[in-house]
A.B. asks: 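Structure in structure tokens, see below.
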Amino acid sequence: MLFNRLISIFRKYKQYEVDENKKTSLDLILNEVNPQSPLETRIEWLQKLVKWIRGTDLFEDAPEKAAATKIKYLFMVLERNPDKKEKIQKSLTLTLQELSSIEFFCEVGLPSQIGLIGELVDKLTEKILPKKPIGHQLSELMITLFPDEEDVQWLKSLDEQTLEKLTTLFDTNNETYPHLKSDIEEALIYLISQIVAIGLSPGIRKRIPHKRMKSLPFFYLSGKLNLYLKTKSENNNPALAQQLHEELLDLLMESQAAISEVYHHLDRFGVSTHLVFQLERMKLFLKRTHTLLDIVSTGHLTTTRISHFVAELVEQNLLQRNAMGIYSNNATLLAQKIIENNSQAGEHYIAKDKKEYVKMVKSAMGGGVLTALTVLLKNLLGMIGLNKFFYGAFSTINYAGSFLFIQMCGFTLATKQPAATAPALAKKLELAENREGIEAVTDEIVYITRTQIAAVFGNLAAVIPAILIINYICMSVTGHWLFSPDTAYYTLHSTDILGPTIIYGAFTGVLLWSSSVIAGWTTNWYSFHQLSYLITNNKKIKTILTADGAKKVAHFFDHEITGIAGSVSLGFLLGLMPEILKFIGIPLEVRHVTLSTGALTAAVSSLGVESLKSPEFIRAALGIVLIGFLNLSVSFLLALFVAFRAKKISSHRKALIFQSVLKRFYQKPFSFFIPKSST
């Protein structure tokens, strides 16, 4: 708690621009109030008063209670000093009369840009540039007075009696603030115009199935609002005004339902962060419109509702000022779609019985043989003497071609599994609501663990003999081993467990996970732009390939786009990314368990059997074990973490799963490694 308070104090050290380094007592603040002073002076005085209310002791456990207590103390002082109370009332009333509130009602806490990137840039710019002057804007004053999350808590915690006393400091007659009514109406016009513009935009409209523009609720919102405000202001037909108000609320509810339809379409056909941002923006506008319509229809708000309304604006403003929060909120749906795409691919990597287990081992052995060819080509590239960029570029082609060939042959590369199986597991976690569900998830973890072990075993069991055969053929044909002595010794040291292997292995795990994210995003992009439909119905493609050929191409990409994107992106990340990082001064290298095992095998066979007894080989072999563990665990944990966040899995549910897995391992440890004949 103390640490949190210190962080809070550090973040707020520039809270106000007045009396930054001086603590002021309440008596001095009250003595300074002067209704006849200029607006700027009255605003500075109000800042001092609120700063005194918000100021808490370093060791205070409940800042919201401290603020409420200070407000009660303030009213005790004012009851004993009616002259000061009268001056404060006049000062506050006059200040509120002179401040414009349009932006307060329709901008505070709401996104101001039409796109996610523009909003992020806008918020980052606000953090860099000097603060805006308050001037005559109520919105800027409120942002300055309540800059922290704790303000939301103490504003909502004020009791009814305290709120009633606060309202007495303002003259609440409608005639006192004639501009508020017109400001709220103008704010409503602005909000509705934004809702209409977003709702009728092509990106939204085309994703509401079977509806023409004139049948959409957005189409009628502006006209209905103008008619309602006109009828309300004329005040000669209350029944008609009430009817128009209800019709307007119905249109807003229909607009909310239309948003749900768009989300449903995005869930089926792919997600765009731009569209998600627009939908979230419209939802915020609809919510604010509801609140302002309540004020217009009733003509007043209860003191509690006023307090909660201000607290809500403070909370929304804090969320909108947080650039990472804006991105996180709007990227959630895209993350969910990526997780869904990867989970579908991950289902193919999970062997649930002995037959599937043996099939996985055979598939992985095929992947190991092809990886041996990758090691051969990588060594040939090193012998050519290319510069760093071209070496990385040709390595990318080598890796990507190898991974694509493995995929097309139906073989398996063990390190590509974790990033896909983790989302599949997270998808199952959503159903773990009871004991049976938790047991089912535990079974899934057992399946994933032993399938991963089978894949690693198959890869390594095939790559080692394949490299030995290639090395023998190389010696027979050329008279030289695959690796020269210098290259062989370098390879031994490159996987030494006492070297930077742990960093390189973890870095490779991050790259493996990154390729799965790119693969999931590409699949989402493919679905969102309906490329399958475009390929099938493109006249040029149909002319060249015939209609059946176009359908076959579309069917191929429908099933293989995730794997293609993952293989190509992984090839780029493993081949060219390390060279790019070295160019900018970050000396990171790739350590992939199957490739490193093949390279180590080539090095040992080139140096001779006696090298197996050397300490260098033992450390290198231990390094291979560490590389394999880091490749798999880092990529799996990153994918699982993102999946947990996207699926919103609670900590309690994760703890229950963890306990169940430990219990299963204690009772049936061998089930994590070898399946029974039947399950």
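Heads up: numbering here begins at 1 and tracks the sequence.
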A.B. asks: Do you know which two heavy atoms are closest between Ala554 and Tyr526, and how far apart they sit?
C.D. replies: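 Closest heavy-atom pair between Ala554 and Tyr526: O-OH, 3.5 Å.
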A.B. asks: With rounding to the nearest 0.5 Å, note down the distance linking NE2 in His245 to CG in Asp250.
C.D. replies: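 His245 NE2 to Asp250 CG: 10.5 Å, rounded to 0.5 Å.
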A.B. asks: For a quick test of reading the model, state the closest non-hydrogen atom pair linking Ser37 to Arg42 and the distance between them.
C.D. replies: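 Of all heavy-atom pairs spanning Ser37 and Arg42, the closest is O-NE, 2.9 Å.
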A.B. asks: What I'd like to find out is whether the side chain of Leu49 reaches to under 4.5 Å of the side chain of Val33, using heavy atoms alone.
C.D. replies: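 A side-chain contact under 4.5 Å is absent here.
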A.B. asks: Tell me, with the steps shown, if Trp45 and Thr95 meet side chain to side chain contact (heavy atoms under 4.5 Å, CB included).
C.D. replies: CA-CA 11 Å; Trp45 174 84; Thr95 300; over 6 Å; no
A.B. asks: Rounded to the nearest 0.5 Å, how far does CZ of Phe105 lie from CZ of Arg288?
C.D. replies: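 Taking CZ in Arg288 and CZ in Phe105, the distance rounds to 9.5 Å.
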A.B. asks: Ile192 versus Leu252: any side-chain heavy-atom pair under 4.5 Å?
C.D. replies: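 Result yes, sub-4.5 Å side-chain heavy-atom pair found.
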A.B. asks: Search all heavy atoms of Thr231 against all heavy atoms of Asn237 and return the closest pair with its distance.
C.D. replies: CG2-O, 3.9 Å
A.B. asks: Measuring only between side-chain heavy atoms, which start at C-beta, is Leu99 closer than 4.5 Å to Phe104?
C.D. replies: no
A.B. asks: Find the distance between CD (Glu261) and CD1 (Ile259) and round it off to the nearest 0.5 Å.
C.D. replies: 11.0 Å
A.B. asks: Can you establish whether the number of heavy atoms outside His264 located under 6.0 Å from its atom NE2 is more than 12?
C.D. replies: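 No - once you tally the heavy atoms of other residues, nucleotides and ligands closer than 6.0 Å, there are 12 at most.
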A.B. asks: Quick check for you: to the nearest 0.5 Å, what is the distance between Ser193 atom OG and Ile198 atom CD1?
C.D. replies: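 So the gap between those two atoms works out to 9.5 Å.
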A.B. asks: Show your reasoning for whether side chain to side chain contact (heavy atoms under 4.5 Å, CB included) applies to Leu221 and Leu248.
C.D. replies: CA-CA 7 Å; Leu221 278 173; Leu248 190 55; 4.0 Å; yes
A.B. asks: Counting distance only, does the side-chain N/O of Asn538 pair as donor-acceptor with the main-chain N or O of Leu534 below 3.5 Å?
C.D. replies: no
A.B. asks: Does this structure show an ion pair linking Glu185 with Lys232, if we count only N-O contacts that are shorter than 4.0 Å?
C.D. replies: no
A.B. asks: So do Leu531 and Ile561 actually touch side chain to side chain, heavy atoms under 4.5 Å?
C.D. replies: no
A.B. asks: In sequence, state the C-alpha distance, the side-chain angles, and the governing distance for Ile43 and Gln47, and then conclude on side chain to side chain contact (heavy atoms under 4.5 Å, CB included).
C.D. replies: CA-CA 6 Å; Ile43 287 176; Gln47 287 179 268; 3.9 Å; yes
A.B. asks: Check the surroundings of atom CD in Glu40: do more than 12 heavy atoms from other residues, nucleotides or ligands lie under 6.0 Å from it?
C.D. replies: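 At most 12 heavy atoms, drawn from other residues, nucleotides or ligands, come within 6.0 Å of this atom.
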A.B. asks: To the nearest 0.5 Å, what is the distance between CD1 (Ile184) and OG (Ser101)?
C.D. replies: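 If we round to the nearest 0.5 Å, Ile184:CD1 and Ser101:OG are 6.5 Å apart.
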A.B. asks: Between Phe285 and Tyr190, what is the ring plane arrangement, given parallel below 30°, perpendicular above 60°, and tilted in between?
C.D. replies: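 The arrangement is perpendicular - the two ring planes meet at more than 60°.
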A.B. asks: Strictly distance-based, threshold 3.5 Å: is any side-chain N or O of Ser91 a donor or acceptor partner for the main-chain N or O of Lys87?
C.D. replies: no
A.B. asks: For Pro35 and Leu94, which heavy atoms make the closest approach, and how far apart are they?
C.D. replies: O-CD2, 3.4 Å
A.B. asks: Taking all non-hydrogen atoms of both residues into account, name the closest pair between Ile53 and Lys70 and its distance.
C.D. replies: O-CD, 3.6 Å
A.B. asks: Tell me, do Asp183 and Leu138 make a side-chain contact under 4.5 Å, heavy atoms counted?
C.D. replies: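 No - every pair of side-chain heavy atoms lies 4.5 Å or more apart.
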A.B. asks: Would one find more than 12 heavy atoms of other residues, nucleotides or ligands at under 6.0 Å from atom CD of Glu98?
C.D. replies: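 Counting neighbours around CD of Glu98, more than 12 heavy atoms of other residues, nucleotides or ligands fall under 6.0 Å, so yes.
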A.B. asks: So Leu74 and Leu30, side chain to side chain contact (heavy atoms under 4.5 Å, CB included) or not? Walk me through it.
C.D. replies: CA-CA 10 Å; Leu74 169 64; Leu30 296 181; 4.1 Å; yes
A.B. asks: From Leu251 CG over to Ser222 OG, what is the distance, rounded to the nearest 0.5 angstrom?
C.D. replies: 10.5 Å
A.B. asks: Could you check whether atom CZ of Phe557 has more than 12 heavy atoms from other residues, nucleotides or ligands sitting under 6.0 Å from it?
C.D. replies: no
A.B. asks: Inspect the contact between Glu44 and Lys48 and indicate whether a charged nitrogen and a carboxylate oxygen are less than 4.0 angstrom apart.
C.D. replies: no
A.B. asks: Heavy atoms only: give me the nearest Lys224-Leu244 pair and the separation to one decimal.
C.D. replies: CD-CD2, 4.0 Å
A.B. asks: Quick check: do Leu188 and Tyr228 have side-chain heavy atoms less than 4.5 Å from each other?
C.D. replies: no
A.B. asks: Where the side chain of Tyr220 meets the backbone of Lys214, is there a donor-acceptor pair that is under 3.5 Å apart?
C.D. replies: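 Yes: the side chain of Tyr220 pairs with the backbone of Lys214.
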A.B. asks: So Thr41 and Asn34, do their side chains get closer than 4.5 Å, heavy atoms only?
C.D. replies: no
A.B. asks: Would you indicate whether the side-chain heavy atoms of Lys287 and Lys283 approach each other to under 4.5 Å?
C.D. replies: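 Contact flag for Lys283/Lys287 side chains = no.
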